[in-house]
Amino acid sequence: MEYALYVIFGIVGAIVGYLVRKVIGEAKITSAEAEAERILQEASRDADTKQREILLEARDAAQKIRDEVDKEVRERRQEVQRLERRLISKEESLDRRQEMLTQREESLSKREKELLEKEKLLEKMQEECMQELERISGLSTEEAQDLILQEVRETLKEETARIIRDAQAEAKEKADEEARNIIALAIQRCAADHVAENTVSVVELPSEEMKGRIIGREGRNIRTLETLTGIELIIDDTPEAVILSGFDPVRREVARLALERLVADGRIHPARIEEMVERAEKDVATMIKQEGERAALQLGIHNLHPELIKLLGRLKFRTSYGQNVLQHSIEVAQLAANMAAEIGANVNVAKRAGLLHDIGKAVDHEVEGSHVAIGVNLLKKYRESNEVIKAVEAHHGDVEPQSVEAFLVAAADAISAARPGARRETLEMYLKRLEKLEEIANSFEGVEKAYAIQAGREIRIMVKPEHIDDLGSVTLARDIAQRIEKELEYPGQIKVTVIRETRAVGFAK
């Protein structure tokens, strides 16, 4: 029973609580609706106020923009008016100039007509004068022109010969004196050896019996040595000696070293020959590199390509007219550097070109062409400077020298080759040079006889006095010297002396 009462009271309490909450909720909803209505009314009033303010601001901004546009329009209108006034002024100025030009053109046309009339009058007067002159002189215009031209030619010929003679004498005197001083100083500083080297490769033998051992059974030893080295062995009647013959100086040196070691060792057979030749090739390769480095170090030249160093070393075994080419190259480099220092030229370029000027001779027996062309190609291949290449290319006059250093290298090369004892020349070449000198001189018109004297260092020419006068002798000497320079190769210089003699003979009876 009690439990049922509890349930009933609980249900009644729940119903009462629900009704109370509903009444309170409805009261809150009513209050909230009233508040919302109030807020909407206030928001509507605020929106109206803001809208009116925005409209006022927009009107003010539009008015401001309108005022600015009006101001800009007024300014543009004023600028256009100014431009119109300037254009009108320029048009007026152009009209005035056009009028002035028209007047000037009319004036020039009038003057041109007057000048044409005067020119016609002058031509008529000139023609009358020429006719009068022809009548007085008895010569036509063409004859008078030929006569005047002939006199001018004779005068110019004499004057030219006189100027050439005086200029050559003065220039030669000054140049010779300065050149002698520079060359003498360069030669003194160089102080090179005056003895030419012997180019014959000869191997001394301890006895005649050694020749047979070198030849070997059925010639197998000598064939092996010749095949491996590419050098011919000449075993003739020369007592206790073997001569090595070949165009390649390096191979000849390899053969000489190998043969000397075989002779000293005494064991001569194909296997031993191969061993000695291989060892000699290595030794010669080392020697070539050392000689090239020594030459560059001696002259203070750096940054040479390794292959150029080797080619320089090969020149140690190359000779020209009995003169060692490597020693000659070092001497040319020293002479060119000394002369460059005296005249203020580029010492490094002169020295480098002097050392490399004959580099082509290291391989001229293997490559076709002159040693100059071969050397130029090698220097281009190993990226030498253009100044050095041009100097090397011009040292024999194959091309025109383009720099002071090129002239110095050519001069140093001639000095080194021409000094006493530097080179040997065969009798046949010597005689041919003398004959060619006299042949060149005798080929000129008016030459009676020519004599090559002083071992080809001077040529004296006797001329016919009735064909060549004193001034013509100067021109003839210069022409002969120029032709000798073009057609002959010779060390040093050749003096050309022209002799003209007139004799008058009378008899008293």
Side-chain angles (χ1 to χ4, degrees), residues 196-295 305-327 358-369 371 374 378 381 424:
E197 293 191 5
N198 195 339
T199 61
V200 179
S201 295
V202 179
V203 177
E204 300 292 340
L205 302 179
S207 64
E208 285 294 312
E209 180 265 341
M210 186 61 68
K211 290 184 178 180
R213 297 176 62 183
I214 293 172
I215 295 172
R217 183 180 300 174
E218 297 178 356
R220 64 177 185 174
N221 291 345
I222 191 171
R223 282 199 304 272
T224 301
L225 189 57
E226 288 180 343
T227 301
L228 292 174
T229 62
I231 298 298
E232 181 183 0
L233 273 69
I234 302 174
I235 301 177
D236 54 10
D237 296 333
T238 306
E240 300 180 355
V242 175
I243 298 175
L244 306 178
S245 175
F247 290 105
D248 192 329
V250 176
R251 288 181 175 272
R252 194 165 63 242
E253 180 66 13
V254 170
R256 185 186 68 81
L257 285 177
L259 186 56
E260 286 181 351
R261 290 172 180 175
L262 286 168
V263 170
D265 183 63
R267 294 174 293 173
I268 304 177
H269 53 81
R272 187 65 174 168
I273 290 172
E274 290 181 6
E275 181 184 347
M276 288 298 182
V277 169
E278 184 178 356
R279 187 185 303 175
E281 287 177 347
K282 292 180 180 178
D283 292 345
V284 170
T286 302
M287 188 187 307
I288 285 173
K289 184 178 179 182
Q290 290 175 349
E291 288 295 331
E293 291 173 347
R294 181 189 63 81
H305 194 280
E307 291 301 322
L308 290 179
I309 292 285
K310 293 178 182 178
L311 291 173
L312 279 175
R314 290 173 67 93
L315 295 179
K316 171 70 175 178
F317 308 104
R318 176 73 156 81
T319 58
S320 178
Y321 295 100
Q323 186 179 28
N324 183 277
V325 177
L326 179 57
Q327 191 60 37
D358 274 346
I359 197 71
K361 290 185 177 179
V363 291
D364 61 351
H365 55 281
E366 301 173 357
V367 182
E368 293 185 1
H371 76 276
I374 296 170
L378 287 172
K381 178 180 178 181
R424 292 196 301 270

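By convention here, the first residue in the shown sequence is residue 1. Quick caveat: nothing in here was measured; it's all calculated off a predicted structure.
- Here the side chain of N324 pairs a donor or acceptor atom with the backbone of Q327 at under 3.5 angstrom.
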Start with the C-alpha gap between R294 and L326, add the side-chain angles, then the distance that decides, and say whether side-chain contact (heavy atoms from CB on, under 4.5 Å) holds. CA-CA 11 Å; R294 181 189 63 81; L326 179 57; 4.1 Å; yes

Start with the C-alpha gap between T224 and V277, add the side-chain angles, then the distance that decides, and say whether side-chain contact (heavy atoms from CB on, under 4.5 Å) holds. CA-CA 10 Å; T224 301; V277 169; over 6 Å; no

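- Within the 4.5 Å cutoff, side-chain heavy atoms of E275 are placed close to those of R279.
- Under a cut-off of 6.0 angstrom, the local environment of CZ in R251 is sparse, with at most 12 non-hydrogen atoms contributed by other residues, nucleotides or ligands.
- For the atom pair M276 CE and L228 CG, the distance stands at 13.5 Å (nearest 0.5 Å).
- One distance of note links CD1 of I273 with CZ of R261; it measures 14.5 Å at 0.5 Å rounding.
- Counting all heavy atoms, side chain and backbone alike, F317 lies closest to M287 at CZ-SD, 3.6 Å.
- Interatomic distance, CG of L312 versus CD of E291, reported as 10.5 Å (0.5 Å rounding).
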Working note: I309 + H305, criterion side-chain contact (heavy atoms from CB on, under 4.5 Å); need CA distance, chi angles, decisive distance, verdict. CA-CA 6 Å; I309 292 285; H305 194 280; over 6 Å; no

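- Shown here for I268 and M210, the closest heavy-atom pair between the two residues is CD1-SD, 3.7 Å.
- Nearest approach of A280 to A258, heavy atoms of both residues: CB-N, 3.9 Å.
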Evaluate side-chain contact (heavy atoms from CB on, under 4.5 Å) for L262 paired with I214, printing each intermediate quantity in order. CA-CA 9 Å; L262 286 168; I214 293 172; over 6 Å; no

Kindly determine whether H269 and N221 satisfy side chain to side chain donor-acceptor pair (under 3.5 Å), including the steps that lead there. CA-CA 6 Å; H269 53 81; N221 291 345; over 6 Å; no

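- Between E226 and R223, none of the side-chain N atoms (NZ, or NE/NH1/NH2) sits under 4.0 Å from a carboxylate O, so this pair counts as no salt bridge.
- Taken from CZ in R256 to CG in L244, the straight-line distance is 8.5 Å, to the nearest 0.5 Å.
- Here the straight-line distance linking atom NE2 of H371 with atom CZ of R318 works out to 8.5 Å at 0.5 Å rounding.
- Residue-environment remark: CD (E307) exceeds the threshold of 12 foreign heavy atoms within 6.0 Å.
- How far CZ of R220 is from CG of L225: 14.0 Å, rounded to the nearest 0.5 Å.
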